[in-house]
Amino acid sequence: MDTVAVITSVLSLIAGVGIFLIACSMMSSNLEALGSRKLKSLFSKASKSKLLGVGVGAATTAVIQSSSATSVMVIGFVNAGIMTLAQAATVIFGANIGTTITGQIVSLGLFGDNTVSTSAIFASFAGVGAFILAFAKKDKVRKIGGITAGFGMLFAGLSMMSGAMSYFSGLDSVKNFLAMFKNPVLLVLTGALLTALVQSSSVMTSMAITMVVTGLISLNQGIYITMGSNIGTCVTALIAGLTSTKNAKRTALIHLIFNVSGVVVFMLIGLFMGFGGVDYGYLFGAMFPNAPQIQLSMFHTVFNLITVIIVLPLTNVLVKLVIKIVPDKNENQKSSSEPRFRFVEEHMLRTPPLAVQQVKNEIIEMADTAMTNFDAACEIVCTLDYKNAEEFRLRENRLNFLNKELVKFIVRLLKEDLNEKDRIYLTTAIRSITDLERVGDYAENIVEYADKLKEAGESFSETAVKEIAELNKLVKKLYGEVVAAYKNVDKKALAEAYKTEDTIDKVTESMTQRHVGRLSAGECTADVGAQYLSFSANAERVADHFINLANAIKPLLKN
């Protein structure tokens with residue numbers, strides 16, 4: 001045994017695995033950024049049916065090339081209360097099908113003994129992608145370059161792994177050692193452990209395919225290692241779930257139970273076949289002769305498809321089971337009055353394009369909270385009735401919470417790999433959050449004017465109350481137009497909002513003039529007049545801050 005050759009092969013194997021991991025990450029981030037709109041659309045449809053949920057999970061994972069990322073993404077949605085456990089389960093089932101695409105791609109790269117290998121052809125894409133990245137100016141083109149380079153690097157890493165394993169396959173001592181590992185349970189545990197260490201079932205499956213092709217292990221050994229990789233890939237989701245809500249923990253548990261169930265079923269079937277002298281290696285070897293790479297990659301696909309077919313009808317049973325395992329009473333839940341995110345969740349940072357969409361949803365929800373408080377403040381100052389004062393206070397706490405915590409989340413999100421449009425949006429979002437928090441502050445001011453009126457035993461006249469009601473209607477109209485413009489990047493709605501805001505400016509000016517006239521005529525006291533004029537000024541500023549929210553779409557209209 002040549003010591004130098006062994007060390008070189010070991011180093012080449014490590015380098016190959018490293019390049020493969022970087023390639024997967026590179027492809028994942030760029031595919032995700034390029035297809036962010038489609039991903040957002042896909043996840044919005046996941047709740048329509050179980051089969052659609054499976055399809056969404058498979059498609060998403062095929063796009064971002066990571067079932068772990070999809071599972072963590074789903075946990076984030078469950079944690080934020082956007083997705084139910086049953087919906088999350090079906091998406092996770094689909095993710096296990098989608099992840100098999102990597103094995104299929106890898107198997108294609110291992111053809112060509114006496115000709116130019118497909119691996120060498122595909123590896124050349126790394127150079128093409130690097131060339132695009134070096135000269136491209138547009139963000140979209142650079143993303144395509146990143147995907148192309150990542151695709152090529154994947155096969156470059158695969159080629160290095162294959163070369164190292166080919167050397168080891170020529171060493172009888174190594175082959176004899178590996179041949180000792182025939183126990184299916186031991187092979188499954190080995191696959192699970194190694195996958196947990198690299199946190200990528202795609203890498204483990206690709207390594208198993210390469211080992212089978214080079215003759216380092218048998219097809220049957222590769223099959224059981226691949227089964228184990230399905231269990232090992234749950235580690236990422238379990239880690240994410242442990243630090244989240246009870247439903248997130250349940251989602252991670254569904255992922256684990258699903259994969260373990262598939263392995264148990266297939267091992268029992270394998271045990272039963274063994275009594276007849278048949279095993280999975282024999283079956284898939286007969287179905288795809290002289291193509292070991294296809295034999296293992298097809299087993300991986302069939303394994304996940306059949307597991308989904310078995311478990312999908314039992315989704316509701318599985319949900320009930322995890323609820324029993326992680327019951328409500330074991331969770332120290334936050335008080336319902338404690339402010340929290342409704343759409344954003346920390347683990348969504350793993351999927352930046354979807355996190356951006358959830359930031360937008362959070363801001364729209366924040367705008368609704370601010371408008372609700374302004375409306376409540378108008379009612380309080382007109383009626384001096386404080387029956388809803390506690391709800392008002394809770395909403396104000398939520399606005400303060402979002403002003404602080406959502407900005408922190410956005411700052412972290414801006415450090416991730418984002419397309420140009422999402423980055424532009426996030427830079428405006430911080431200002432939008434501040435504007436909405438200020439709307440809440442002005443609503444608080446109005447309630448304070450009500451406090452002063454009540455302490456003085458005063459109240460607004462019937463005429464003043466009617467004027468406030470009319471102004472409130474205009475602000476509500478403006479709010480509707482602003483949200484339509486902001487949500488849909490709608491230029492027409494923005495133009496309508498400008499018209500309404502101009503009307504509000506004129507109305508508040510007219511209110512001031514009329515009230516000064518009432519003061520001069522002695523129809524109201526100076527204290528009441530001061531509160532009324534302050535209210536008018538605050539309402540006009542609320543309109544200004546809502547317009548600022550609508551103006552946030554202007555940079556997006558240019559792109």
Margin query: Looking at R398 and E391, is any side-chain nitrogen of the basic one under 4.0 Å from a carboxylate oxygen of the acidic one?
Written below: no

Notebook entry, point to check: Does L13 reach the side chain of M160, with side-chain heavy atoms less than 4.5 Å apart?
Noted result: no

Note to self: I'd like to know if the side chain of T99 reaches the main chain of A95, judged simply by a donor and an acceptor atom lying under 3.5 Å from each other, with no hydrogens or angles considered.
What the structure shows: no

Notebook entry, point to check: Which distance, rounded to the nearest 0.5 Å, do you find between the CZ of R250 and the NZ of K324?
Noted result: 12.5 Å

Note to self: Please determine whether side chain to side chain contact (heavy atoms under 4.5 Å, CB included) holds for the pair I323 and L85, giving the CA-CA distance in whole Å, both sets of side-chain angles, and the decisive distance to 0.1 Å.
What the structure shows: CA-CA 10 Å; I323 289 174; L85 275 175; 4.1 Å; yes

Check: Nearest heavy-atom pair of A88 and T251: which atoms, and what distance?
Finding: CB-CG2, 4.0 Å

Check: Backbone N or O of F343 within a donor-acceptor pair of the E362 side chain at under 3.5 Å?
Finding: yes

Item checked: For A89 against T315, the heavy-atom pair lying closest together -> CB-CG2, 3.9 Å

Item checked: N-O pairing of E420 and R423 below 4.0 Å -> no

Checklist line | L187 CG to I225 CD1 distance, which is reported to the nearest 0.5 Å | finding: 5.5 Å

Margin query: When you compare the side chain of F272 with that of L268, does any pair of heavy atoms fall below 4.5 Å?
Written below: no

Checklist line | Parallel, tilted or perpendicular, as decided by the 30° and 60° cut-offs, for the rings of F284 and F288 | finding: parallel

Check: With side chains defined as the heavy atoms from C-beta onward, is the minimum distance between L321 and I254 less than 4.5 Å?
Finding: no

Notebook entry, point to check: Between M267 and V263, is any pair of side-chain heavy atoms under 4.5 Å apart?
Noted result: yes

Note to self: Using the salt bridge (charged side-chain N to carboxylate O under 4.0 Å, His left out) definition, which of the options K487, R395, R342 pairs with E365?
What the structure shows: R342

Next item on the list: Determine yes or no for a side-chain-to-main-chain donor-acceptor pair under 3.5 angstrom, with Y280 supplying the side chain and F266 the backbone.
Entry: yes

Check: CD1/I101 to CD/Q104 distance, rounded to the nearest 0.5 angstrom?
Finding: 6.5 Å

Margin query: Tell me the closest heavy-atom pair linking G222 and A208, and the distance in Å.
Written below: O-CB, 4.3 Å

Check: Does N488 reach the main-chain N or O of D490 with its side chain, forming a donor-acceptor pair under 3.5 Å?
Finding: no

Check: Do T233 side-chain atoms and S229 backbone N/O form a donor-acceptor pair below 3.5 Å?
Finding: no

Check: Any side-chain heavy-atom pair from F258 and V308 closer than 4.5 angstrom?
Finding: yes

Check: With distance as the sole test, does Q221 use its side chain to make a donor-acceptor pair with the main-chain N or O of S218 at under 3.5 Å?
Finding: yes

Item checked: T307 and S261, any side-chain heavy atoms less than 4.5 Å apart -> no

Checklist line | Whether Y486 and Y425 hold their rings parallel, tilted or perpendicular, with breakpoints at 30° and 60° | finding: tilted

Check: Of the non-hydrogen atoms in D279 and Y282, which two are nearest, and what is the gap between them?
Finding: OD1-N, 2.7 Å

Next item on the list: First locate atom CD1 of I231, then atom CG of N259, and finally report the distance between them rounded to the nearest 0.5 Å.
Entry: 7.0 Å

Notebook entry, point to check: Would a distance-only check, ignoring hydrogens and angles, find a side-chain to backbone donor-acceptor pair under 3.5 Å from T100 to I97?
Noted result: yes

Next item on the list: Evaluate the criterion side chain to side chain contact (heavy atoms under 4.5 Å, CB included) for residue pair V344 and E405; output intermediate values, then yes/no.
Entry: CA-CA 10 Å; V344 164; E405 299 302 325; over 6 Å; no

Check: Out of curiosity, L394 CG to T369 OG1, how far, rounded to the nearest 0.5 Å?
Finding: 11.0 Å

Check: Given I410 and I433, is the side chain to side chain contact (heavy atoms under 4.5 Å, CB included) satisfied, shown in steps?
Finding: CA-CA 11 Å; I410 292 172; I433 292 166; 3.5 Å; yes

Notebook entry, point to check: Is the shortest heavy-atom distance from the side chain of M227 to the side chain of H300 under 4.5 Å?
Noted result: no

Notebook entry, point to check: Can you tell me if S432 uses its side chain to pair, donor with acceptor, with the backbone of T428 under 3.5 Å?
Noted result: yes

Notebook entry, point to check: Taking all non-hydrogen atoms of both residues, which atom of L194 and which atom of M204 are closest, and how far apart?
Noted result: CB-SD, 3.4 Å

Notebook entry, point to check: Between A429 and I363, what is the shortest heavy-atom contact and its length?
Noted result: CB-CD1, 3.6 Å

Notebook entry, point to check: Does F93 reach the side chain of L318, with side-chain heavy atoms less than 4.5 Å apart?
Noted result: yes

Next item on the list: Go through K50 and N316 one step at a time and tell me if the side chain to side chain contact (heavy atoms under 4.5 Å, CB included) criterion holds.
Entry: CA-CA 11 Å; K50 289 181 180 179; N316 293 334; 3.8 Å; yes

Note to self: Return the CD to CG distance between Q293 and L219, rounded to the nearest 0.5 Å.
What the structure shows: 11.0 Å

